[in-house]
Amino acid sequence: MKIVTCVAPVNIAVIKYWGKRDDKLILPLNDSVSTTLSTEHLCAKTTIMISSEFQSDRLWLNGREENCENPRIQNCLREVRKRAAKSGNNENMSAWNVHICSENNFPTAAGLASSAAGYACLVYALSRIYEIDGDISAIARQGSGSACRSVLGGFVQWNKGDQDDGSDSLATQLAPANHWPEMRILILVVHEKHKKISSKIGMEQSVKTSELLKYRVSHCVPQRIQDIKQAILNKDFERFAEITMKDSNQFHAVCLDTFPPAVYMNDVSHAIVNFVHCYNKLKGHNALAYTFDAGPNACLYMKEHDVPKVLGLLSVIFPFPGEEDSYIKGIPINKDTIPQEMQAAFGMEQQMEGSLKYIIHTRLGNGPKELKSQNEHLLTESGVPKNLVV
Ligand code: DP6
């Protein structure tokens, strides 16, 4: 029997991956760039146990048993076992069955992308248990494309690669988290009313129907990748902010150019966009940036010294009905009190109370890690979850 427990981070793309050139191997049409968030506030945690006594592979997600036959899970298991067998490590162990138990440290109901952290954690934990070294991003990619970026910390690029077998479609680190320590992130969790179209389905439809996607891939993304890499390496926030916002806007324009359209942002999301542009106008430069994935939640980037003012203004424009500390989670911080004159000069009307569920204040962070303490395991010694939802 062998057991390991690991945590893996969420990542947020600033140059979006949207569209596959190979659906089975999960190979993208374009390169993407992301930031890895700290696991202190958002992460997936996974325990994996292998034993000669287990009758079958089993999987529990957030306390409920799920189908382990899911092809994306099976792809990851198969690839890891193949690598383990090739390296000659633990030869007999690669035939043993596995029990997997995974949880997120943030509510799934928040609608935050959890599959990237989940698959990165699964693959990282498997790599520890089977003692595999070297790149694991190509394995995580076969669980969910964006998961390949969560196996590394800081600023990460997923190179689309050109090979048909995907051997060069890998993630690489552009800069570690401590390269830009002043960078802060606010996740704005928005109330969601509509059932969302999954990224998988949305991007399949875009590849089939969007002319704009073709233009984006050939004419826009390559230059943006070069520019944002420079902005990151030079710690040029203005440039980073502008490219990030433009790429988010173009990605959602592609979604609207898809037929039938994939609508991910809602009225609150658009109010957040307006908020950011009002803030930047007030400051006279791009001090705040937004990006939106396949859902209405926003991810805002700013430097540390802007956080109290941004939070102060957010509380005025997006008033919260309940207790303050259930509104702003994550890194503790005192928000600014906004004087009447600033509120008036801001140029935006107050939104309906409760249009934001809550805000998570976080920073950049490192890639996955193993938790060595026995207390961290999510499975008991006999391989069943300690916390089952009944
Ligand atoms: C909008 O990685 O969830 O978040 O590869 O089908 O699992 P699959 O899709 P997924 O797509 C993420 C899309 C995105 C942009 C991004 O993270 O780059």
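The model shown is predicted, which means the values in this text are computed figures rather than measured ones. Worth knowing before you read on, the calculation uses all heavy atoms, side chains too, and leaves out hydrogens, waters and symmetry mates. One-based numbering, in listed order, for ligands and for the atoms of each.
- Which parts of ligand 1 touch F251 is read off a 4.0 Å heavy-atom cut-off, strictly below it: atoms 1 (C).
- Of the candidates R141, R149, Q142, it is R149 that places a heavy atom closest to atom 17 (O) of ligand 1.
- When only interatomic distances are considered, the shortest N/O to N/O separation between S144 and ligand 1 falls below 3.5 Å.
- Taking the six-membered ring where the residue is Trp, W180 and F155 present tilted rings, their angle falling between 30° and 60°.
- Not a single heavy atom of W158 sits under 4.0 Å from any atom of ligand 1.
- What you find for E103 and N62 is that their closest heavy atoms are CA-OD1, 3.3 Å.
- Using a 4.0 Å cut-off to heavy atoms of A13, the atoms of ligand 1 that qualify are 16 (C), 17 (O), 18 (O).
- Atoms of ligand 1 found under 4.0 Å from any heavy atom of M203 (numbered from 1 in listed order, with element): 9 (O), 11 (O).
- Residue contacts with ligand 1, taken as heavy atom pairs separated by less than 4.0 Å, involve S146 via backbone and side-chain atoms alike.
- Atoms of ligand 1 lying under 4.0 Å from any heavy atom of R72, numbered from 1 in the order shown and given with element: 6 (O), 7 (O), 8 (P).
- Residues M245 and N286 form a side-chain contact, since some pair of their non-hydrogen atoms from C-beta on lies under 4.5 Å apart.
- Residues I129 and V123 share a hydrophobic cluster, clusters being chains of Ile/Leu/Val/Met/Phe/Trp/Tyr side chains in contact below 4.5 Å.
- Residue-to-ligand polar distances place Y17 within reach of ligand 1: an N/O pair is separated by less than 3.5 Å.
- The aromatic rings of F240 and Y301 sit perpendicular, their planes meeting at an angle over 60°, well past the 30° parallel limit.
- Remark: R128 is positioned above the aromatic ring of Y124, its terminal NZ or CZ atom under 6.0 angstrom from the ring centre and at most 45 degrees off the axis.
- With ligand atoms numbered from 1 in the order given, ligand 1 contributes 2 (O), 5 (O), 7 (O), 8 (P) to contacts under 4.0 Å with heavy atoms of G145.
- Only the side chain of S199 comes within 4.0 Å of ligand 1, judged by heavy-atom distances.
- Between F251 and Y264, the ring-plane angle classifies as parallel under the 30° and 60° cut-offs.
- Within ligand 1, the atoms closer than 4.0 Å to a non-hydrogen atom of I26 are 5 (O), numbered from 1 in the order shown.
- The pair R184-D306 does not meet the salt-bridge criterion, since no charged nitrogen lies less than 4.0 angstrom from a carboxylate oxygen.
- Within ligand 1, counting atoms from 1 as listed, the ones closer than 4.0 Å to a heavy atom of K20 are 5 (O), 6 (O), 8 (P).
- The aromatic rings of H219 and Y215 lie parallel to each other, with less than 30° between the two planes, well short of the 60° mark.
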